[in-house]
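Read the structure below first, then the notes.
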Amino acid sequence: MDKYSPKDIEARWQGIWAEKKAFEVPDPDDPASADPSRKSYVLEMLPYPSGSLHMGHVKNYTMGDVIARFRSRNGLSVFHPMGYDAFGLPAENAAIKTGLKPAELTRRNTENIEKQLRALGVSIDWTRELATCDPEYYRWTQYFFLRFYERGLAYRRQAAVNWCPSCQTVLANEQVVQGACERCSSEVENRSLAQWFFRITAYAERLLEDFRLLDQWPERVITMQRNWIGRSEGAEVLFRVDELELDIPVFTTRPDTLFGATFFLLAPEHELVEQLIEGTDEAAAVREYVAQARAKPATDRAAVDREKTGEFTGRYAVNPVNGERIPIYVSDYVLMEYGTGAIMAVPAHDQRDFEFARRFGIEVRVVVSGEREDGTVVRAGDGDTMAEAFEAEGTMVNSGEFDGRDNREAGAAITASLEAKGLGKADVSYRLRDWLVSRQRYWGAPIPIIYCDKCGTVPVPEERLPVLLPEVDDYAPRGQSPIASNEEFVNTDCPHCGGPARRETDTMDTFVDSSWYFLRYTDPHNDEQAFDSAVANYWMPVDQYIGGVEHAILHLMYARFFTKVLYDLGMVDFQEPFTNLFTQGMIHYRGAKMSKSKGNVVNPDEHVERYGADTLRLYILFMGPPELDVEWQDQGIEGGFRFLGRVWRLVNEVVEKTEPREYIEYANGGGKPLELLRKTHQTIDRVTVDVGERFRFNTAISAIMELVNDVYLAKDELFQSTEGRGVLRFVAETTVKMLDPFAPHISSELWERLGHEWLWREPWPEADEEYLEEETYELVVQVNGKLRDRIKVPADADKQALLEAARASGKAARHTEGKQLVKEIVVPGKLVNLVVK
RNA sequence: GCCGAAGUGGCGGAACUGGCAGACGCGCCGGACUCAAAAUCCGGUGGGGCUCACCCCCCGUGUGGGUUCGAUUCCCACCUUCGGCACCA
């Protein structure tokens with residue numbers, strides 16, 4: 001017998017798969033009439049092509065491959081494509097460092113990654129491969145930008161934005177983590193710049209509503225998105241500044257506390273600040289305060305425990321419910337980006353307002369009376385003495401005609417009465433901001449917009465797409481994209497009037513590229529349109545999407561948004577792109593998340609080289625449940641290799657000692673052959689459920705290991721009889737079939753040695769019900785819930801028989817002797833519990 | 001502070017709907033094979049106790065309570081770790 005030598009085997013089978021086009025899926029001739037239940041779109045999040053794949057990628061693509069191969073063997077038409085999220089900062093930064101062009105560097109990297117994926121034996125339809133930096137791809141990214149623009153979903157405005165001083169570009173809100181750039185961790189600055197946005201807030205409600213279509217998504221991802229969108233119900237209320245005849249709207253979630261508003265606040269950035277203070281004695285101080293607030297880094301401003309600061313404007317606003325004049329302050333704890341940038345402050349019922357009021361000596365007026373969590377009661381006159389705001393529910397006080405009512409229903413009533421007077425209305429506010437998509441960097445899709453002095457902002461006509469990213473000599477960022485210095489690119493003709501005009505030089509956020517790539521896969525070579533709707537509608541939505549949790553908000557929310565817009569454009573007939581989502585856990589090593597920056601990465605290539613791809617694939621899934629973080633163990637992979645060696649020797653021995661014709665499935669004689677046959681069918685059942693329904697690859701693999709262990713113990717005896725050899729042949733073939741999704745190379749090789757041809761066309765084994773049931777089982781006998789004995793009983797024994805058997809147990813009797821039998825619990829198939837006193 | 005997930009042998013982890021805790025693997029110990037080693041094959045391996053004859057007993061799934069004939073699993077409180085959000089009115 002030859003030794004298990006993964007190197008030769010793996011290369012050989014990868015060659016055969018490519019040559020036989022084993023994983024290429026043709027589009028159905030008429031997608032409209034094809035049966036969509038027969039297809040399965042299995043997709044892993046596309047990789048960013050940095051130098052090479054890391055272990056997280058290996059886990060991701062192996063999981064996807066197991067599912068793809070399993071489904072394909074179960075008769076589904078599996079769609080399993082791959083591509084590269086190829087635009088982005090790292091390539092550009094590397095270009096600056098090395099002097100290589102980003103395009104060239106990216107090309108090299110994608111080639112390397114494709115090589116690695118092929119070396120892992122992932123079953124991909126490579127004819128659909130794409131890279132988002134390819135003009136044939138980003139042409140359509142630009143096309144979508146224009147369609148968004150037409151619908152008013154892409155717009156440009158001056159706004160306070162997040163600026164990363166190190167990356168020299170603006171960032172979307174989603175890309176700022178705790179006040180720092182998610183990419184380089186530099187502290188983000190606040191700048192006011194004219195930028196391009198996608199109006200994702202217009203879809204906030206639908207993004208929330210359609211969670212009902214995502215019942216197969218992990219709860220935590222939905223929760224994270226729901227929190228991110230942050231829907232709050234409340235009211236918009238108008239406060240009037242009499243002297244200036246100005247109405248300032250505020251948003252509040254607590255219209256019930258309106259009678260307790262004792263002051264009014266504006267964000268420092270609020271556009272009316274200047275108008276309010278003009279000519280007042282306070283003007284200079286307010287201007288000074290505003291300037292200071294603007295200069296403060298975003299992180300400082302967001303610090304929760306900071307003391308409240310502010311400046312009186314010298315003006316008063318009129319509370320619409322009681323006509324009271326309350327002082328207007330400017331304070332930096334009011335955010336311009338949320339609500340209306342102005343708030344009514346109710347110190348008795350909002351902790352932040354409370355802190356401000358105490359600091360500035362403003363009246364605290366209780367308008368909701370109720371009980372605190374610690375049992376103390378807050379009453380109408382407690383304003384001067386209370387130590388903190390009362391934010392819970394209660395009964396209305398100090399609120400005129402609303403006194404005595406439940407605060408929740410009073411809130412609705414107050415809103416209604418304001419609405420009748422035209423001074424307010426019920427309203428909903430979201431935490432979600434519009435998606436800032438322009439970037440001041442080079443390596444991205446140029447925004448297809450032209451500025452003309454005469455015609456203003458003019459979209460590039462569709463037929464002139466793509467707007468090609470020009471080559472430049474110097475990629476160093478200077479606060480605007482390097483392409484701005486390319487005169488040839490910038491200067492152009494206005495598509496409208498033909499006069500001289502200038503191109504937009506910002507490029508698009510790479511998350512725009514990855515918001516629709518799954519659609520392009522369905523029709524990747526179409527040069528007339530982004531994709532053919534009928535074809536896309538056939539393959540989409542993605543039946544199983546797999547990726548890391550780190551994209552729970554960013555990519556997954558953007559892709560959902562994009563899909564909804566495309567639905568509204570009539571381009572697709574589904575509202576959600578990913579029916580099922582699986583978020584994999586991270587790989588830890590030496591107590592920390594495996595990452596380059598921590599210097600604790602384990603290189604997959606080395607392990608492929610040393611043990612083969614099959615071993616790496618097997619081990620990475622065997623490590624633990626796929627959705628949880630798991631710990632990489634250097635010696636663990638050795639166990640995977642040993643197991644495959646065991647399978648190798650076993651199957652080869654079966655090939656040597658049995659004939660293919662000896663294959664029989666039925667062991668009539670009972671004894672060891674029957675036992676092993678049973679175990680085999682039970683294993684098929686477990687593996688099928690674990691892989692197909694539960695995604696518990698670790699337990700599926702351990703079930704196969706158990707089977708192999710049993711065969712080792714029984715084989716010497718079984719080789720002696722015809723029946724035994726027949727069963728061994730069956731077990732060997734079944735084991736190989738079940739191992740295939742995890743370790744496809746060795747499985748294909750062994751399948752061939754067993755005298756067959758292409759394993760990837762073989763149907764998945766089916767468990768025979770007849771063999772799942774045992775004739776006898778071990779009945780557990782408990783006394784007072786404690787295990788005392790196990791006895792063999794016939795599978796069909798009834799309750800009475802079980803009870804008698806249990807009573808007859810000598811071991812149990814020792815514990816019941818001399819005691820009174822109080823109760824007997826019988827669970828057929830499991831146990832008998834004798835309760836004594 | 002709020003929301004979510006997780007705490008099980010020396011280690012990674014099993015236990016599907018409340019029913020034999022520790023499957024499977026790693027490591028370790030012992031045996032077989034060998035001149036020897038490696039590889040391989042077989043056996044053992046939670047802790048403690050015992051008239052350790054492998055028979056048996058007690059304890060044991062982060063901590064403390066509870067429900068139940070019976071709890072790793074359900075409920076309550078707390079501790080620890082990780083992830084998300086964090087002045088969002």
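Since the model is a prediction, treat every value here as computed from it, not as a measurement. Numbered from 1 within each chain, the chains take letters A, B, ... in sequence-line order.
A:D353 comes within 4.0 angstrom of no nucleic acid atom, judged by non-hydrogen atoms across all strands.
Comparing B:rA89, B:rG25, B:rC42 by their closest approach to the side chain of A:L713 singles out B:rC42. Here the side chain of A:Y712 is nearest to one of B:rC42, B:rC58, B:rC87, namely B:rC42. Of the candidate nucleotides B:rC69, B:rA89, B:rC24, B:rA89 has the atom nearest to the side chain of A:S232. Minimum atom distance to the side chain of A:W228 is reached by B:rC85, of the listed B:rG13, B:rC42, B:rC85.
A:W632 has its CH2 atom 18 Å from the P atom of B:rG25, to the nearest Å. Look at CZ on A:R642: it is 8 Å from C1' on B:rC26, rounded to the nearest Å. Distance CZ (A:R788) to C1' (B:rC69): 14 Å, rounded to an integer number of Å. In this structure, A:Y589 places its OH atom 21 Å from P of B:rC82, rounding to the nearest Å. For the pair A:L650 CG and B:rC42 P, the computed distance is 11 Å after rounding to whole Å. To the nearest angstrom, P of B:rG84 lies 15 Å from CD of A:E174. Following rounding to the nearest Å, A:Q635 (CD) and B:rC28 (C1') show an atom-to-atom distance of 11 Å. Between A:F622 atom CZ and B:rC24 atom P there is a gap of 10 Å when expressed in whole angstrom units.
Salt-bridge formation is detected for the pair A:R359/A:E307: a Lys NZ or Arg NE/NH1/NH2 atom is positioned less than 4.0 Å from an Asp or Glu carboxylate oxygen. The pair A:E233-A:R231 counts as a salt bridge, with a side-chain nitrogen and a carboxylate oxygen less than 4.0 angstrom apart. Under 4.0 Å is where a charged nitrogen must lie from a carboxylate oxygen, and between A:K679 and A:E706 at least one such pair does.
Looking at heavy atoms from C-beta onward, A:F263 lies out of side-chain contact with A:I328 at the 4.5 angstrom threshold.
Looking at A:Y289 and A:T309, their side chains do bring a donor and an acceptor atom within 3.5 Å of each other.
Contact annotation: side chain of A:Q782 to base of B:rG19, donor-acceptor pair present below 3.5 Å.
Contact annotation: A:R220 side-chain N/O to B:rC82 OP1/OP2 distance is not under 4.0 Å.
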